[in-house]
Amino acid sequence: MSTPNSQSNGTGRVITMGQAIREALAEEMRRDPNVFVLGEDVAEAGTAFKVLKGLVEEFGTDRVIDSPISEPGITGLGVGAAMTGMRPVIDIMFGDFITLTMDQMVNQAAKIHYMSGGKLKVPMVLRTTMGASRRSAAQHSQSLHAWFSHVPGLKVVIPSTPYDAKGLLKTAIRDDNPVAFFEDKMMYQLKGEVPEEEYTIPFGVADIKREGSDITIVATSSMVQVALAAAEKLAGIGISAEVVDPRTTFPLDKETLIESAKKTSRAIVVDEGYERYGVTAELASVIADGAFYYLDAPVKRMGAMDVPIPFSPALEDLTIQTADTVFEMAKTVCGRI
Amino acid sequence: MSTPNSQSNGTGRVITMGQAIREALAEEMRRDPNVFVLGEDVAEAGTAFKVLKGLVEEFGTDRVIDSPISEPGITGLGVGAAMTGMRPVIDIMFGDFITLTMDQMVNQAAKIHYMSGGKLKVPMVLRTTMGASRRSAAQHSQSLHAWFSHVPGLKVVIPSTPYDAKGLLKTAIRDDNPVAFFEDKMMYQLKGEVPEEEYTIPFGVADIKREGSDITIVATSSMVQVALAAAEKLAGIGISAEVVDPRTTFPLDKETLIESAKKTSRAIVVDEGYERYGVTAELASVIADGAFYYLDAPVKRMGAMDVPIPFSPALEDLTIQTADTVFEMAKTVCGRI
Amino acid sequence: MAKTAKRTKPTQKARANSKSINGVDVEDWLTMYQQMVRIRHFEERVNGLYTAAKMPGLAHLYIGEEAIAVGVCSALNSDDYITSTHRGHGHCIAKGAEVDIMFAELLGKAAGYCQGKGGSMHIADQKNGNLGANAIVGGSAGIAIGAAFSAKRLGTGQVAVCFFGEGALGQGLMYETMNLAQLWKLPVIFVCENNQYNEYTHFSETAAGQIVERGRAFGIHAEELDGQDIRVVYEAALRLVERARKGEGPAFLMCHTYRYHGHHVGDIDRAYYRKKEEEKDWVENRDPIVIFGDWIIKQKLSDRSVLDSISSEVKAEVERGAQFALDAPYPDASEVDTNVYA
Amino acid sequence: MAKTAKRTKPTQKARANSKSINGVDVEDWLTMYQQMVRIRHFEERVNGLYTAAKMPGLAHLYIGEEAIAVGVCSALNSDDYITSTHRGHGHCIAKGAEVDIMFAELLGKAAGYCQGKGGSMHIADQKNGNLGANAIVGGSAGIAIGAAFSAKRLGTGQVAVCFFGEGALGQGLMYETMNLAQLWKLPVIFVCENNQYNEYTHFSETAAGQIVERGRAFGIHAEELDGQDIRVVYEAALRLVERARKGEGPAFLMCHTYRYHGHHVGDIDRAYYRKKEEEKDWVENRDPIVIFGDWIIKQKLSDRSVLDSISSEVKAEVERGAQFALDAPYPDASEVDTNVYA
Ligand SMILES: Cc1ncc(C[n+]2csc(CCOP(=O)(O)OP(=O)(O)O)c2C)c(N)n1
Ligand SMILES: Cc1ncc(C[n+]2csc(CCOP(=O)(O)OP(=O)(O)O)c2C)c(N)n1
Ligand SMILES: [Mg+2]
Ligand SMILES: [Mg+2]
């Protein structure tokens, strides 16, 4: 399937990230009768974020299924259904609630193919959210994708644009493995070009969201827009930044990250998860290792502040990286202080 | 409290890691009547690993309490008891089962102090195990300490010797925060010197287990013995390796790690968790950043192979690092091929 | 800090020099009435703040369910524990919190109960035994049995109440904790506020069988009652608290109730999941404040004018509290990384 | 691969040309007997391999509980699903697996059901509908209802059985899945093997109330029976499977039983948690194979010599299987990172 360039695919059709996700689901559900959606308030309510609004009208309550508030139970049901012929898409409202799914995802879903010597498989998708700044406080704002990324047997997708979200979600649904798909809840209204014609995006292929020559900014999900804004500001002071979006934390396109850093000789990694022992650690150490002989400065990590996310707007906004903090860091890394 | 040198404290008293852990618990339970132990088969059975054998005889079933097989429930009980005046030590038999405790540990225990603006606190310890090579297969062999290390509000201890285990466990029990304590189940029989007199070991202080000048090997828990064996072999070919044990992944003694790497100009990090997005990523990126201008070679990561842990001995042994693999890597990093 | 109204805990025995009904003093009935009205006014003001875009985030209003929080908490001592939910303002007030400090928390101000770090879904008031609201559905059940465990172990005689919505019965943790509580005869009462809906889904679509049986399955004493009538709730709570205090173990109390507003303040168009007539029926025929007020008057414990003046006094208190919070400063930026560790 | 004995599934209706009791053919009763004996010999051989240090890791023996696996699985079709536990060899055999391939798996050999990657605690046999043993207590309940969900959605008429020990009732997931199963009338049967102990702790110390009520709390049809008498188990399983197949929903079957050996093969000194006399009583007075054999003879369905020859044939088969596995090669080192992803 073709994968038109994500920056400007020339179709002119602009939709939101939420719409892109709904489209991906609808298309896959039309294509394959074994795909179904299961989660809390996914049917008539169309999820708490209204992202799936309209889906139940087309597919009915047999395929868009409201569940009790049983994250472990519905994830487990998904695993079993996937093992026996279905392609479940499990909706976990807030990414913070994946805490409740860890056993089913990690000890069951991730390992069944291997433990059975390849005889059983678990083609399921767990869709969930991430991202702070919604004034939702410590238990509804986390970006916990690092955990699943740590686990062999799982694949992890963190899209940053409507285009990527649609193409990657379709790939996720067709994948024969358990895939965790993290959507930034603040980005559901983000608009972007998405072609009318069908396409999928392969996993493990990073996308260069902006080309540049002086510094590489590797950014994920919500932080891609932040990095692009920082790059724009950097251009204003004569620093040419390249913005690279891995799109999937596993499989990880190490090569593109490393090549970009080799080219620019400087790199920053930006992610909305907690900084310590998080995604920035992996990305930074992959680059620091792979581009070691090319780097003019240490790779700098910029994650969320290592604190439970505070409710107060006066505090919450301090905990995530912004175009300004990335701009400042890039300046410093480029020796411009 | 004094912290005598761990390598040879001169007392001559040698006990196993299991005994050291039991001693720490017994001493703290004598000191503070609010300390209690709760877990599956901890009382008469003394845990599945027999580590607590004898504790119930001294403290009774009111303080060494057998629980149903309810990891989320007993962890939650621990959180609530800790908030209201007790100091629970929750025993989670296999580290693989922390999957079931993630919500209580991460969304509750880790955040309550912060979310309450400092008014409530959760002085509890979750003791659990880690480590493969016991032929226990994919759901009883994982080392999942990276997850808790990622979470602000938690502290994480991964001792590598009887001496460290005892001193750190006593500190953990006295700490006013939720602490996760990972014991390598293959090391319960490991012997080491432990003084008769009381001592504690502060968190966040790395221990140099062997001094050296050519290369730094940062190793955790089970991998410390592996690193020490590799260092011995390296000495045989004229490479002087320094073995540094962080002892706690959070708080992390970045300074000691970085200073050692600056001194030797080369570093390897070895840990038994899955390699990707794991503890080695954090340690490597901390060193690559902090010692950037001193390093002669990229920092190399050596974690467990990124596969579900296989049952077959013929395969399982291939998944974790050994003195040989560390020796070979160190040779390569030192340019001796 | 505004503290306009005396809020004595109703005692369980009649005092000689005071008219009493069912062994409860008149003042105590009126205090309960006042608390219900306080919750009502508080929540209406919260809604107003949201509508006027003065409150960050969302809030889940307790309006319609006041008889449960007040009925149960009136049976508790100040040092008894409660754990609360995302719909927690009512529990917080009923357990003795001040509305001004609550408003400050809801607005993310430094003067709030949690210095603005917790907000609506994490408000806690440890001085009055409120161990906190919780944004994980069912997430506080462990804390509740843990508090009960401490009480039993330390021999303090305290009791813990775990408030939860019927939606929490979807969470396995509820069953694990009920089993533990009954095994060890912990002094804890599981209070199920069955307001008929889990967010936008009727509970009959999410709960199989009879809810009270979920408690009985563990041998726990369980009762089902009308949560709109505070006299019924209070009477049951008194009995069950007494029982728990005496060491007779946990109880499960399932209260039928209804939330008048949306799942949260932003949930305005509700027709797709529940009928206007249904809402109207509860509001007009089963309002807990009306039911209680009418009874007070009928029993000649007081008259309408007294009730009206309670309401207007509380309303003024709430207004002063909101204003206090609106004027209060945000926490200093330096607070962002304090209190991560104790 | 050794396949010495014919293992036809007992049919539910009597055939005209064959003696039948309770509507079950003689051959089918004998097949069940053979399966029970096969499990017994298999497990004894496993114990022998462990004692002789020929088996890596540990194993949890099913000896004493054979009537449950065989009674239930005899009521299933080959394409019906089961999910199993850490104590899973019995379920695996009862669902139709070959002992030689099983031994190979237990020894970590390439010829094993999972290429040696799973071992005792993860043995799976998807061809016979066995979705796998599970080393997380209660961990397979989600898989079981998921398989039942598929069956219902795809209209295949299959049924899923979730085997679990009474210890799994400590896990919240069990309740979440029972609720889901009953809500959606999934064709799943929860079979509780109550062998009295969670590892080294008696179930009365870990389970409050009456266990069958745990199912009834969700409106699930629940029964309690003697798990040592295969006729009782089989009869109930036939009924409940039939019921589930017809779309009448899930069931909960609690079977009283006992494990003769330790929690695992290494659990030798058991006096601190259970009395020798208790073990002796079950072994001598309630052995499922003895009970069944005696009945077969009493009913004149067969005689002792036939039963004895079944036993010796199976024993030889088991011995050949063990030898096959001992001689089989380990997987190649290159297998270590295959099958991580499909
Ligand atoms: C574990 C978890 N899952 C989902 C949610 C999202 N959520 C918040 S409130 C709610 C409904 C709760 O219903 P109920 O328990 O009946 O309480 P009510 O809102 O009716 O008071 C849901 C699903 C959550 N907060 N926690
Ligand atoms: C979630 C989890 N907790 C603890 C264990 C350790 N464990 C293995 S078997 C067992 C006892 C299980 O008892 P039961 O369910 O009654 O099964 P039985 O062994 O009696 O057949 C325990 C606690 C586990 N495997 N999984
Ligand atoms: Mg509700
Ligand atoms: Mg058992």
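When reading the values below, keep in mind they use all heavy atoms of this one structure, side chains included, and skip hydrogens, waters and symmetry mates. Below, chain A is the first sequence line, B the second, and so on; all start at residue 1. Quantities reported herein were computed from a predicted structural model and do not represent experimental measurements.
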(Q) Please rank I143(C), I145(C), L173(C) by heavy-atom pairs under 4.5 Å with chain B and give me the top one. (A) I143(C)
Q) Can L77(B) and T177(C) be said to form a side chain to side chain contact (heavy atoms under 4.5 Å, CB included), step by step? A) CA-CA 8 Å; L77(B) 187 154; T177(C) 54; over 6 Å; no
Q.
Test side chain to side chain contact (heavy atoms under 4.5 Å, CB included) on T84(B) and L131(C); report intermediate values, then the result.
A. CA-CA 9 Å; T84(B) 53; L131(C) 297 175; 4.0 Å; yes
Q | Residue I112(B) versus chain C: region with a heavy atom under 4.5 Å | A | side chain
Q | Nearest non-hydrogen partners of P68(B) and L180(C), listed with the distance | A | CD-CD2, 3.3 Å
Q) For atom NZ of K50(B), is the number of surrounding heavy atoms from other residues, nucleotides or ligands below 6.0 Å larger than 12? A) yes
Q. Side chain, backbone, both or neither: which part of T83(C) has a heavy atom under 4.5 Å from chain B?
A. neither
Q) Do V340(C) and H113(B) have side chains that get closer than 4.5 Å, going by heavy atoms? A) no
Q: Apply side chain to side chain contact (heavy atoms under 4.5 Å, CB included) to the pair I74(B) and E176(C), showing each step before the final yes or no.
A: CA-CA 8 Å; I74(B) 62 175; E176(C) 299 192 9; over 6 Å; no
Q | Rounded distance (nearest 0.5 Å) linking atom CD1 of I123(C) with atom CE of M115(B) | A | 12.5 Å
**Q.** Derivation of the side chain to side chain contact (heavy atoms under 4.5 Å, CB included) call for Q126(C) and K119(B)
**A.** CA-CA 7 Å; Q126(C) 99 287 6; K119(B) 287 183 181 161; 3.3 Å; yes
(Q) Can you confirm whether E58(B) is buried at CD, in the sense that more than 12 heavy atoms of other residues, nucleotides or ligands lie under 6.0 Å from that atom? (A) yes
(Q) Taking every non-hydrogen pair under 4.5 Å, which of S150(C), A181(C), A151(C) racks up the most with chain B? (A) S150(C)
Q: Quick one: list whatever passes salt bridge (charged side-chain N to carboxylate O under 4.0 Å, His left out) with D289(B), sequence neighbours left out.
A: K300(A)
Q. Between L183(C) and chain B, which part of the residue has a heavy atom less than 4.5 Å away: side chain, backbone, both or neither?
A. side chain
Q) Tell me, side chain or backbone of A147(C) under 4.5 Å from chain B's heavy atoms, or both, or neither? A) both
Q: Name the option with the most non-hydrogen atom pairs under 4.5 Å to chain B; the candidates are M174(C), R153(C), M121(C).
A: R153(C)
Q.
Are more than 12 heavy atoms, taken from residues, nucleotides or ligands other than K254(B), located less than 6.0 Å from that residue's NZ atom?
A. no
**Q.** chain B contact via Q158(C) - which portion, at a heavy-atom distance below 4.5 Å
**A.** neither
Q. Within a strict 4.5 Å, meaning less than it, do heavy atoms of the V336(C) and Y114(B) side chains meet?
A. yes
Q | Under 4.5 Å from a heavy atom of chain C, the part of K121(B) involved | A | side chain
Q) Nearest heavy-atom pair of W184(C) and I65(B): which atoms, and what distance? A) CZ2-CG2, 3.7 Å
Q | Side chain to side chain, Y81(C) and M83(B), heavy atoms closer than 4.5 Å | A | no
Q.
Only pairs of heavy atoms separated by less than 4.5 Å count here; which of A342(C), G142(C), G132(C) has the most with chain B?
A. A342(C)
**Q.** F36(B)/F149(C) aromatic ring centres below 6.0 Å
**A.** yes
Q) So what's closer than 4.5 Å to chain B heavy atoms on D125(C): side chain, backbone, both or neither? A) neither
Q. Highest number of heavy-atom pairs under 4.5 Å with chain C: which of N34(B), I69(B), D175(B), L154(B)?
A. L154(B)
Q. Non-hydrogen atoms of chain C under 4.5 Å away: do they reach the side chain of L100(B), the backbone, both or neither?
A. neither
Q.
Could you tell me if the side chain of N107(B) sits less than 4.5 Å from the side chain of N134(C), heavy atoms only?
A. no
Q) Going from CZ on F250(B) to OH on Y341(C), what distance comes out if it is rounded to the nearest 0.5 angstrom? A) 4.0 Å
